[in-house]
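First comes the structure, then the notes that go with it.
None of these values were measured; they are calculated from a predicted model.
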Amino acid sequence: MMDTHSDVIVIGGGPAGLTAALYCRRAGYSVTLFEGGLPGGKLNQTLEIENYPGTPGTEGPSLSMAMLTQAEEAGTKIVYEQVTSLRFGDGPDKAVITDSGEYTCRALIIASGSENRKLGVPGEERLAGRGVSYCATCDGGFFKGLDVAVCGGGDTALEDAQYLSEICRKVYLIHRRNEFRGSAINVERTKSKPNVELVLSATVSEIEGGDKVESIRVRRSDGSEFSLPVSAIFIAIGSTPITSFIPPGTIALAPDGSIEVDALMRTNIPGVFAAGDVRNTPLRQIVTATADGALAATSAGRYLSEVGRY
Ligand SMILES: Cc1cc2nc3c(=O)[nH]c(=O)nc-3n(C[C@H](O)[C@H](O)[C@H](O)COP(=O)(O)OP(=O)(O)OC[C@H]3O[C@@H](n4cnc5c(N)ncnc54)[C@H](O)[C@@H]3O)c2cc1C
């Protein structure tokens, strides 16, 4: 029977969680990592990584595999299950709950990342994966030579529009405001693309199509509406930290829904740490996620030496 207790449990097998597990194992602690999806997390959505130092041009999935292998070879036990809840007692022990049961630990590191924000319009859910996408680099290739739309006004939307302009015939960039939130250089680069058309002060009100996206309804700020025939819409309107498994009133959350931590990745509950995109952070990148993971692991080690192991 599987041992259900570890010194450390890590929730999430993205860059933050895999780094935290590696550091904890190297410090000699037993570690169980829970991953409810694909190990590597959002790395799997990244075609080419240009800004993780020392790995120019690396593809996201291969960096995922390298991180996973390193964590496993260091002795991390990986359990491919979704964590559905947590339980905190009076003592130092904590429990993580999945569909298969309860697993206990002394130190808990939450590295569950974030999920793409939805538009919440008719057709979005029904046509997801049939022309509705949240990842241009993952799905753009399916729409080669076709007309597509991007929705959003930050750097991700601007970069998606630039990326798609190289593959697709025409890209409509729809943004609800008159100005973009993204960096000036990204705005300039996007505007310089001849096949990108900006549709500003406008929102998407419906995604239309039978078994795949055929058009989108766009509503201008003056209330007028029109249809744009497109084969796909790429939604890039930000992300929400994944914290739904945290019982209300336990771990403190910031106003934006991320987990509040101090500079050592400690939450308000002793022995509970958070790292990566799920925590309150001004930058959500691979380099910050791995750095957070290392810090959270080091803090977990300090906590374990104070309270003692099981
Ligand atoms: C399209 C795209 C391109 C990007 N390009 C770059 C780039 O070029 N350079 C860069 O630095 N950053 C890039 N990023 C950002 C980068 O990928 C993230 O900042 C980074 O992956 C965050 O790591 P993380 O470990 O915090 O979270 P994630 O990578 O999101 O991993 C979290 C993991 O936790 C798992 N999980 C969640 N909830 C549970 C649960 N309840 N139980 C079990 N498991 C759970 C998820 O399945 C996931 O695998 C990109 C992101 C996207 C979406």
Side-chain angles (χ1 to χ4, degrees), residues 8-25 31-53 55 58-74 76-84 86 96 98 108-118 128-129 133-139 155-156 159-160 234-246 256-259 261 265 273-297 300:
V8 183
I9 284 182
V10 178
I11 302 175
L18 290 170
T19 307
L22 175 68
Y23 271 67
C24 288
R25 279 302 302 142
V31 183
T32 304
L33 181 148
F34 289 85
E35 172 52 59
L38 216 51
K42 284 217 178 62
L43 281 186
N44 296 300
Q45 297 182 21
T46 313
L47 263 193
E48 197 175 310
I49 297 160
E50 291 182 347
N51 57 0
Y52 190 59
T55 62
T58 305
E59 290 180 353
S62 57
L63 187 57
S64 287
M65 280 314 296
M67 286 188 184
L68 174 67
T69 305
Q70 197 176 6
E72 279 184 319
E73 284 177 357
T76 305
K77 194 186 322 168
I78 314 258
V79 177
Y80 288 98
E81 287 180 29
Q82 187 82 9
V83 172
T84 54
L86 307 174
V96 156
T98 74
L108 175 64
I109 299 175
I110 302 175
S112 46
S114 59
E115 63 192 341
N116 300 313
R117 210 168 275 157
K118 309 275 189 298
S133 169
Y134 301 87
C135 179
T137 46
C138 316
D139 301 331
D155 279 318
T156 304
E159 283 170 24
D160 283 358
F234 294 87
I235 298 164
I237 55 170
S239 57
T240 309
I242 299 174
T243 58
S244 51
F245 55 88
I246 298 176
D256 70 352
S258 61
I259 298 178
V261 293
M265 306 300 132
F273 309 87
D277 283 7
V278 74
R279 68 122 175 150
N280 55 337
T281 171
L283 187 63
R284 292 189 162 91
Q285 289 278 281
I286 304 161
V287 74
T288 46
T290 53
D292 282 2
L295 266 172

Using 0.5 Å steps for rounding, measure from the CG atom of Asn116 to the OG atom of Ser133.
8.5 Å
A side-chain contact here means heavy atoms from C-beta on lying under 4.5 Å apart; do Leu68 and Ile78 qualify?
yes
4.5 Å side-chain heavy-atom contact, Thr76 and Leu22
no
Whether the side chain of Thr98 engages the backbone of Glu81 through a donor-acceptor N/O pair (distance < 3.5 Å, no angle test) should be reported.
no
Testing the basics here: between Pro15 and Gly40, what is the closest heavy-atom pair and its distance to 0.1 Å?
CD-O, 3.6 Å
Apply side-chain contact (heavy atoms from CB on, under 4.5 Å) to Cys24 and Ile109, showing your working.
CA-CA 10 Å; Cys24 288; Ile109 299 175; 4.1 Å; yes
All side-chain contact (heavy atoms from CB on, under 4.5 Å) counterparts of Asp160, not counting sequence neighbours:
Ala136, Val150, Thr156, Ala236
With rounding to the nearest 0.5 Å, note down the distance linking CG in Asp292 to OG1 in Thr290.
8.0 Å
Of the non-hydrogen atoms in Leu33 and Ala21, which two are nearest, and what is the gap between them?
CD1-CB, 4.0 Å
Run the numbers on Phe273 and Leu295 for side-chain contact (heavy atoms from CB on, under 4.5 Å), then give the verdict.
CA-CA 9 Å; Phe273 309 87; Leu295 266 172; over 6 Å; no
Closest approach of Gln285 to Asn51 (non-hydrogen atoms, all atoms of both residues):
OE1-ND2, 2.8 Å
Pro53 versus Val287, closest heavy-atom pair with distance
CD-CG2, 4.1 Å
Looking only at heavy atoms, which two atoms of Val278 and Ala111 are closest? And how far apart?
CG1-CA, 4.3 Å
Please check: side-chain N/O of Ser258 versus main-chain N/O of Pro241, any donor-acceptor pairing under 3.5 Å?
no
Can you tell me how far CG of Leu86 sits from CG of Leu108, rounded to the nearest 0.5 angstrom?
6.0 Å
Atom pair CD1/CD1 of Ile259 and Ile110 - distance to nearest 0.5 Å
4.0 Å
Tell me, do Met67 and Ile286 make a side-chain contact under 4.5 Å, heavy atoms counted?
yes
If you compare all heavy atoms of Gly60 against all heavy atoms of Ile49, which two are closest, and at what distance to 0.1 Å?
CA-CD1, 3.6 Å
Can you tell me how far the CG atom of Leu18 sits from the CG atom of Leu43, to the nearest 0.5 Å?
8.5 Å
Has the side chain of Arg284 got a donor or acceptor atom that lies under 3.5 Å from a matching backbone atom of Arg279?
yes
Rounded to the nearest 0.5 Å, how far does SG of Cys135 lie from CG of Asn44?
10.0 Å
